[in-house]
Structures are given as structure tokens and as C-alpha cells.
Participant: 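The structure is given below, and queries will be raised subsequently.
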Protein chains: 2
Amino acid sequence: MAATGAGSERDGERAKARILDSAEELFYARGVQAVGMDAVRSAAGVSLKRLYQLFPAKERLVEEFLRRRDHAWRDALVRYADARPTPRARLLAVFDWLYQWFAEPDFRGCVFINCFGELGGTSQPVAKAARDHKEAVRAYLGELTTATGVAAPQQLASQLALLAEGAITTAALSGSADSAREGRVAAEVLLNAAGVREQGAAHCND
Amino acid sequence: MAATGAGSERDGERAKARILDSAEELFYARGVQAVGMDAVRSAAGVSLKRLYQLFPAKERLVEEFLRRRDHAWRDALVRYADARPTPRARLLAVFDWLYQWFAEPDFRGCVFINCFGELGGTSQPVAKAARDHKEAVRAYLGELTTATGVAAPQQLASQLALLAEGAITTAALSGSADSAREGRVAAEVLLNAAGVREQGAAHCND
DNA sequence: AGCGGAAGAGAACGAGCGTTCTCCGATCTG
DNA sequence: CAGATCGGAGAACGCTCGTTCTCTTCCGCT
């Protein structure tokens with residue numbers, strides 16, 4: 001029983017991952033309400049019984065899928081941006097990373113915004129998950145702007161967050177990745193105006 | 001029969017308006033799929049038969065509601081912004097108008113983004129309606145930036161559109177209208193950098 | 001007054017959903 | 001090898017939805 005228990009646990013983790021993978025793909029492509037639990041079941045290749053053992057209700061599945069997506073999304077962003085040498089380069093790299101994301105063939109906007117629009121008015125957990133995600137992204141931008149040594153880093157971070165947010169929804173609706181380029185150009189203007197120089201800290205901060 | 005016909009037509013127009021009013025309120029607050037035709041029916045105070053006479057299917061109701069909302073939304077924006085004396089003031093007034101909108105008690109983001117997230121992956125008409133709306137807004141911003149006489153008005157308009165777009169979704173998710181203020185400050189920086197002066201056309205355009 | 005036709009109220013229908021239950025084969029224990 | 005326990009496949013249940021149908025009422029006309 002101990003051996004089978006451990007095996008089941010491992011299998012459970014792998015099944016959970018497969019289920020979340022399928023849920024992510026389906027919910028993102030078609031919306032949450034348009035995808036039945038049966039579609040998730042058959043895409044993940046598990047039985048309905050097992051699906052409900054691992055996720056007792058659809059809302060739980062949605063919550064866990066959003067939480068996992070949040071971590072994966074921000075991890076990928078941070079990994080990409082933190083590879084750049086300076087805070088300024090890291091901030092601009094955010095828009096390069098967005099560009100790559102927008103160019104993916106199945107890109108359909110931010111899943112948190114999509115889910116918020118669909119369920120935010122009804123489901124408190126979904127609304128909170130979306131809010132938490134956006135706040136975490138903004139906090140990361142705040143870290144980067146603070147590292148530039150600029151005078152008002154939080155205000156600058158908010159403005160850059162607006163550009164990134166706008167680029168995401170614009171790319172989703174237009175079907176073009178251009179908004180990431182436009183956002184990057186605008187971000188450079190804002191960074192220059194705030195006194196963030198190309199290399200290191202501010203030179204002419206008087 | 002002619003008299004009753006005219007009366008019915010007038011009644012039909014008024015019933016249609018009432019139905020679209022109710023649909024707008026309900027779809028915006030709860031999402032499209034979460035609101036049944038019966039809820040629209042009872043909110044509008046018409047019979048199901050009449051509802052289906054005027055809108056043969058739910059998708060038609062959604063399309064007409066989005067089209068009407070697009071016109072009303074842009075009309076209100078243009079009326080507000082065009083009251084300002086200069087192109088620069090008109091561009092900045094966009095963010096003032098957004099601030100007022102965000103502060104409305106039942107504000108829940110852009111209905112086109114919400115509907116796109118919910119139905120854009122499934123319904124082509126909804127996706128097109130959302131795209132058309134955003135393009136029309138961007139075109140209006142393009143008119144305003146062109147009127148400033150700046151060198152690259154379309155690029156500036158795109159950047160301002162990103163700010164406005166980002167402000168909308170940020171306000172929806174955070175529940176705060178602050179993003180409109182942040183967007184306005186960023187817009188001023190972009191306008192200054194593009195050479196849009198406080199009064200009239202460019203002074204130092206050589 | 002009597003009749004025809006339109007309109008309202010809501011029952012009805014078929015489909016699809018989330019969730020549970022039943023059956024059945026496989027696997028492990030003594 | 002016998003019996004029990006577990007998990008898979010999918011039928012079943014209760015509900016809701018979009019849409020249609022039925023029945024009744026009411027209005028205008030001759």
C-alpha cells in the first residue's frame with residue numbers, strides 16, 4: 001500500500017500536470033465556459049473520475065491553472081529580462097519578450113484579462129488571481145525601475161506597465177505583434193525623460 | 001393596418017432600445033454567456049416572442065449591442081475631447097475622460113476586450129466588432145496627433161493608444177481610476193518628446 | 001356584437017453542461 | 001487460485017440555456 005501509494009502520488013502529479021496543460025491550452029484558446037470538463041478529460045487522457053479526484057470542481061481547476069500560468073509567465077519574463085546587463089536594458093527587454101510572445105501562432109492575449117472579462121464579474125477567486133498577477137508584474141517592473149536609481153521609480157514603473165498592458169491587448173485584438181515595438185519605442189522615450197541613461201546610473205542628475 | 005403598422009414600428013424601435021439597454025447592462029456586468037435570453041427578456045420587460053422577433057438569435061443581439069456601444073462610447077469621447085481648444089489639449093482630455101469613466105461605480109473594463117476574451121476565440125463577428133472598435137479609436141487619436149503637425153503622427157497615436165488601452169485594463173483589474181492619471185502623465189511626456197507644444201502648432205519646426 | 005389576427009405569458013423541447021454513479025476488468029493478498 | 005480493492009470508461013442525473021410552440025387575451029374592424 002505504501003508502494004502503490006507512492007506510485008499513485010507520482011502518477012497523480014504527472015496526471016495533474018497533463019490536466020493543467022490541457023486546461024491551459026483549451027481555456028486559453030476558447031474561453032473557460034466554452035470548454036467542458038469532458039473536453040479537458042479527453043485532451044488530458046484521464047478518466048473523469050480521476051479528474052474529479054484531483055480537481056474537485058471546475059473552479060478549482062481554473063484557479064490552479066491560473067496560478068500555474070502566472071508563475072510560468074513571470075518566470076519566463078524574468079529569465080529573459082534578467083539576462084541583460086543594465087536595468088535600462090532589462091526594462092526594454094520586457095518589450096522584446098512581449099514581441100516574441102505576441103508572435104507565437106496561438107497567441108490570444110493575456111489569459112488573466114480574458115478570464116477576468118469572462119468570469120471576473122461572477123467569480124471572486126478569478127478576479128483575485130488576475131489582480132494578483134498584474135500586481136506581481138508591476139512589482140517586478142518597480143524593482144527594475146528602482147534599480148535604475150531614478151527619482152520616481154514607482155511612477156515610471158506604472159507608466160511602463162500601462163504600455164506593456166496596452167501592447168498585450170492591442171496585439172491580441174489586432175493580431176499583430178507591432179504593438180510591442182511601439183511600446184518599446186514609447187518606453188525608451190519615458191526612460192530618457194526620467195533620466196535613465198544607456199549605461200549604469202544617471203550621469204547628469206546634478 | 002397602416003396605423004397599427006406605424007405604431008408597431010415605433011414600439012419596435014422603443015422595445016429594441018430597451019432590450020439593448022438591458023443587454024448592455026447585463027452582458028457588461030456578468031459576461032455574455034452567464035446571462036440568458038430570459039434574463040434579458042425580463043429586464044427589458046418584453047415577451048420572449050417579441051425578443052426573438054427583433055433579434056432572431058442571441059449572437060445578433062450581441063453584435064447589435066456591441067455596435068451600439070461602440071458608437072455611443074466614441075461619440076461621448078469625441079464630444080468631450082473636441083470641446084478643448086488645441087489638439088494637444090484634446091489628446092490629454094482623452095485621459096481625463098477615461099478617468100471619469102473609470103470612476104463610474106459599475107465600471108468593469110472595456111466591454112470589447114471582455115467580449116473578445118470570452119467569445120473572440122469562437123465568434124468571428126465578436127472578434128471583428130472588437131477589432132473595429134479599437135481601430136476606430138486609434139484612428140481618432142491619429143486625427144488628433146495629425147492635427148498637432150508633429151513629424152510622425154501615426155506612431156505617436158499608436159503609443160498614446162497603448163497608454164489608453166493599458167489604462168483601461170489596469171483600471172478594470174485594480175478597481176482604481178489612478179491609471180488614467182498615470183497614463184495622462186506619460187502621454188504628456190510622449191507629447192513633449194514629439195515636439196507638441198502647449199499652444200497651437202509647433203513653434204520650432206524650423 | 002362578433003370575428004380575425006397579433007401579441008403576451010410561459011410551458012416545452014433538445015442540447016450541453018458539471019457532477020456522480022455504475023459497471024467491469026485488472027491487480028494485489030492470503 | 002479466490003476474493004477484494006482500485007481505477008477506467010462512460011452512462012446517467014439534474015440543471016440551465018437557446019429557441020420554439022401553445023394557449024389565451026386583447027384590439028381594431030364591419
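Here the structure is a predicted model, which means the values were calculated and not measured. Reminder, nothing fancy here: chain letters follow the sequence lines and each chain counts from 1.
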Participant: Just how far, in rounded Å, is C1' of C:dG8 from CD of B:Q53?
Facilitator: 11 Å
Participant: Apply salt bridge (Lys or Arg N to Asp or Glu O under 4.0 Å) to the pair A:R18 and A:D21, showing each step before the final yes or no.
Facilitator: CA-CA 5 Å; A:R18 267 211 319 280; A:D21 285 343; over 6 Å; no
Participant: Expressed as a whole number of angstroms, how long is the span from B:R41:CZ to D:dT20:P?
Facilitator: 16 Å
Participant: Would you mind reading off the distance between B:D38 atom CG and C:dA9 atom C1', rounded to a whole angstrom?
Facilitator: 11 Å
Participant: Verify the distance criterion only: is there a donor paired with an acceptor across the side chains of A:R88 and A:T148 at less than 3.5 Å?
Facilitator: no
Participant: Rounded to the nearest angstrom, tell me the gap between atom CZ in B:R50 and atom P in D:dC21.
Facilitator: 19 Å
Participant: Rounded to whole Å, please give me the gap between CE in B:M37 and P in C:dA11.
Facilitator: 19 Å
Participant: Rounding to a whole Å, what distance do you find between A:L51:CG and C:dG18:P?
Facilitator: 10 Å
Participant: Calculate the interatomic distance between B:Q33 atom CD and D:dC17 atom P; express it in whole Å.
Facilitator: 11 Å
Participant: If each of B:E59 and B:K49 is mapped to the nucleotide of DNA chain D with the nearest heavy atom, which maps nearer the 5' terminus, i.e. the 5' end?
Facilitator: B:E59
Participant: Take A:S47 and B:K58, find for each the nucleotide of DNA chain D with the closest heavy atom, and name the residue whose nucleotide sits nearer the 5' end.
Facilitator: A:S47
Participant: What closest approach, in Å, do B:R84 and B:D96 show between heavy atoms, and which atom pair accounts for it?
Facilitator: NH1-OD2, 3.7 Å
Participant: Go through it in stages, so that I can follow the logic: the residues are A:K128 and A:E63, the test is side-chain contact (heavy atoms from CB on, under 4.5 Å), and I'd like the CA-CA distance, side-chain angles, deciding distance and then a yes or no.
Facilitator: CA-CA 10 Å; A:K128 178 169 164 41; A:E63 288 172 38; over 6 Å; no
Participant: Please state how far atom OH in B:Y52 lies from atom C1' in C:dA7, giving the value in whole angstrom units.
Facilitator: 17 Å
Participant: Quick one: label B:V40 by what it contacts on the DNA or RNA (base, sugar-phosphate, nothing), any heavy atom closer than 4.0 Å.
Facilitator: nothing
